[in-house]
Amino acid sequence: MGYSAVNKDLMCRYGNKPYIIVELAFMALIPSALSETLACKLKDYYIDCLKSDLSAHDKIEFEIALSCFDFCTKDKLINLKAKGFTEEEINSINTSLYNLTLNAINDYKKVLRTDTDSLQKLEAIRKECFQKYNKNTFIQSISKIIHKLLNAITEFGTAQFSRHARYAFIARSIAQSLKNKGYWSSLDFDNFMARIHTVTSDLEQAFKDLQTGAITKERFFETYGHLRAGTYDITKPRYDMQDIGIFNTSPLINKQMQSVSVKDVPDAVLLDAQLQQKTEKALQESNISINAEELLSFMKTSLEQREYFKFTFTKSLSFVLELIAEIAQKLNVTREEIAFFDINEIISFCFYGVQEEIKQYILELLPVRKKEYALYSKLILPSVFTKTSDFDFIQITEVRPNFISTKIIKAPVAFLDTNNPDFNLQGKIVAIEKAAPGYDWIFTKGIAGLITCYGGVASHMAIRCAEFELPAAIGCGQTIFDFASKQNVLCLDCKHGKITKGIL
């Protein structure tokens with residue numbers, strides 16, 4: 001796509017906690033067209049910006065890094081003058097961002113076709129592996145199937161999904177900049193996001209069809225059964241393994257969902273025409289050589305495709321987790337216990353002669369792994385650290401939630417614990433720690449709002465809430481989330497960016 005190649009691991013781990021190496025993340029967002037000297041200078045500038053405001057650590061793509069060209073880019077580039085960047089360097093950065101973004105938009109349809117073909121190949125391999133597998137398959141053979149699937153995910157899924165996540169970031173950034181520069185009103189922005197039709201909209205309809213008997217449970221699970229509350233968490237059950245309670249949708253249709261269908265939006269054609277006219281004005285005044293219809297089409301499609309790619313990509317991933325769970329069952333250990341082992345160890349099982357050797361290996365290491373995990377769990381670690389002394393004196397980093405919509409609501413709070421889910425969510429503000437696609441069923445329950453501990457402005461749940469025009473505070477951080485999840489009633493003020501205790 002035109003970004004700098006970073007051939008190092010982006011993630012490391014301290015204790016049980018994964019961290020992203022920010023220097024590498026910044027480098028990966030810098031256009032490859034820039035010279036190495038200028039790229040390093042820009043990276044150092046980004047790091048200084050983050051150090052001056054650590055609360056931006058989960059917002060670096062929107063508040064710090066210049067990762068694409070939008071209608072606010074030139075305003076942001078002005079800040080570089082005071083930080084020692086020359087006029088020539090600033091022009092070089094501006095040009096590289098402009099070319100990268102324009103090329104991304106112009107190439108999008110071609111890339112989408114190619115990546116969709118890759119996704120279909122991944123699906124074909126998943127189905128082939130599924131046919132080969134049965135309950136009598138030996139552990140060694142299951143391990144080989146896992147290895148084959150992971151290789152297929154790497155070749156046909158990971159980069160493809162990542163690429164379309166990046167396209168969606170660009171689209172979200174452009175939409176936000178249109179609002180920030182005054183070309184779009186807040187209502188224009190909300191209406192545009194509400195017109196995004198993703199797989200979650202299809203899921204909501206499927207829930208209704210399941211309730212009315214229009215489709216069978218088996219048909220529903222055939223499409224959506226692979227989803228789970230924790231996409232990468234083997235301990236979380238898939239939809240097709242969960243209590244039927246989450247599929248008993250309320251007879252009261254979620255009002256937010258009624259508003260997302262194009263046919264339910266008054267003057268939808270007029271709305272499109274007005275957005276196109278306003279966007280065209282922005283493009284002309286900014287001398288951007290692309291027409292409004294093409295830009296709006298790219299923005300809408302890329303946001304929708306991001307969710308489709310993740311939805312399909314996770315089918316194979318979810319199957320891998322179930323194959324590992326099957327190995328655990330054959331070894332008489334639980335999902336929680338097999339989770340203590342590294343994926344490479346699971347793959348290595350294919351080289352063992354007999355199953356008893358694998359079982360001996362697991363039983364010998366399991367107590368050691370459990371003890372190590374329990375010890376590391378006692379560590380209190382910072383959200384961000386910039387020096388080794390940050391491990392001695394733990395500073396609680398301020399977190400700024402990402403508020404969705406401009407609505408203000410007051411409602412009872414329901415803390416959704418995956419181990420003991422509450423299905424009575426009608427009219428409540430739902431608090432979820434980690435909001436993965438497997439939680440999409442909550443949107444069928446007529447919820448009033450959503451609060452999550454983790455998640456960014458362009459995360460899965462942020463897009464979902466914008467699509468359903470649902471007031472939400474995404475990525476509140478532990479301190480705010482702990483406060484919010486323990487209240488009986490909350491006032492969620494998205495317009496002014498506040499979460500306060502409420503009284504009904």
Side-chain angles (χ1 to χ4, degrees), residues 1-7 10 25 28-33 61 67-70 97 99-130 147-175 193 195-203 223-224 226-227 231-232 290 293-320 436-438 440 456 458-464 467:
M1 292 181 67
Y3 292 99
S4 299
V6 177
N7 299 314
L10 191 64
L29 294 172
I30 292 175
S32 59
E61 293 176 89
S67 60
C68 68
F69 187 90
D70 60 40
L97 290 171
N99 290 337
L100 183 151
T101 306
L102 207 63
N103 289 338
I105 295 172
N106 290 333
D107 294 344
Y108 177 69
K109 290 181 180 179
K110 179 182 177 182
V111 174
L112 178 59
R113 286 194 297 270
T114 302
D115 288 347
T116 300
D117 288 343
S118 294
L119 215 56
Q120 290 172 349
K121 290 177 183 176
L122 176 59
E123 272 292 89
I125 293 171
R126 179 184 67 84
K127 291 175 181 177
E128 178 191 339
C129 290
F130 183 78
H147 194 198
K148 181 176 181 178
L149 268 171
L150 289 175
N151 284 337
I153 289 171
T154 301
E155 183 176 357
F156 301 117
T158 306
Q160 289 77 1
F161 165 60
S162 300
R163 183 158 39 242
H164 289 275
R166 168 56 38 196
Y167 282 126
F169 269 111
I170 292 173
R172 185 65 166 70
S173 180
I174 292 172
M193 294 302 295
R195 302 286 299 287
I196 305 298
H197 183 95
T198 67
V199 289
T200 307
S201 302
D202 297 330
L203 172 61
T223 305
Y224 302 104
H226 70 283
L227 295 173
T231 303
Y232 299 88
I290 188 172
E293 184 179 3
E294 187 177 354
L295 177 61
L296 290 170
S297 174
F298 161 76
M299 290 162 64
K300 183 176 185 294
T301 306
S302 61
L303 286 164
E304 292 171 342
Q305 288 300 315
R306 174 197 188 274
E307 300 309 309
Y308 172 74
F309 269 77
K310 185 166 188 177
F311 177 81
T312 307
F313 160 76
T314 53
K315 284 185 179 181
S316 294
L317 180 61
S318 188
F319 185 32
V320 166
D440 282 348
S459 65
H460 174 83
M461 276 300 178
I463 294 174
R464 296 293 59 69
E467 178 185 356

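Keep in mind it's a predicted model, so treat the numbers as computed, not measured. All heavy atoms count here, side chains included; hydrogens, waters and symmetry mates do not.
Using a 4.5 Å cut-off on side-chain heavy atoms (C-beta onward), V199 and L203 make no contact. By the 4.5 Å heavy-atom criterion applied to side chains, M1 and N103 are not counted as neighbours. L150 places a side-chain heavy atom less than 4.5 Å from the side chain of I153. The side-chain heavy atoms of S318 and L227, taken from C-beta on, include no pair separated by under 4.5 Å. Using a 4.5 Å heavy-atom cutoff, the side chains of Y108 and T301 are in contact. Side-chain contact between R306 and L303: absent, with no pair of heavy atoms (C-beta onward) separated by less than 4.5 Å. Put simply, the side chain of Y167 reaches to within 4.5 Å of the side chain of R163, judged on heavy atoms. A heavy-atom distance below 4.5 Å is found between the side chains of E294 and N106.
Atom-to-atom distance recorded for F309:CZ and D115:CG is 5.0 Å, nearest 0.5 angstrom. Note that the CD1 atom of I170 and the NE2 atom of H164 stand 11.5 Å from one another [nearest 0.5 Å]. Rounding to the nearest 0.5 Å places CG of D107 at 9.5 Å from CG of L102. Atom-to-atom distance recorded for R166:CZ and S67:OG is 4.5 Å, nearest 0.5 angstrom. Here the CE atom belonging to M299 is positioned 6.0 Å from the CD1 atom belonging to I174, to the nearest 0.5 angstrom. Residue F156 holds its CZ atom at 15.0 Å from OG1 of T312, rounded to the nearest 0.5 Å.
The environment of OH in Y308 is sparse: at most 12 heavy-atom neighbours from other residues, nucleotides or ligands sit within 6.0 Å.
Between the side chain of T314 and the backbone N or O of F311, at least one donor-acceptor pair lies under 3.5 Å. S4 places a side-chain N or O within 3.5 Å of a backbone atom of I30 that can act as its donor or acceptor partner. Of the possible polar contacts, one joining the T116 side chain to the L112 backbone as a donor-acceptor pair under 3.5 Å is found. Remark: side-chain polar atoms of E155 are not paired, donor with acceptor, to backbone N or O of L122 under 3.5 angstrom.
Considering all non-hydrogen atoms of both residues, K300 and R195 come closest at CE-O, 3.3 Å. A pairwise comparison of heavy atoms in C68 and Y3 identifies CB-OH, 4.5 Å as the closest pair. Considering every non-hydrogen atom in both D70 and S173, the closest pair reads OD2-OG, 2.7 Å. The two residues F69 and L97 make their nearest non-hydrogen contact at CB-O, 3.5 Å.
Comment: E307 does not engage K310 in a salt bridge, judged by the lack of any side-chain N to carboxylate O separation of less than 4.0 angstrom.
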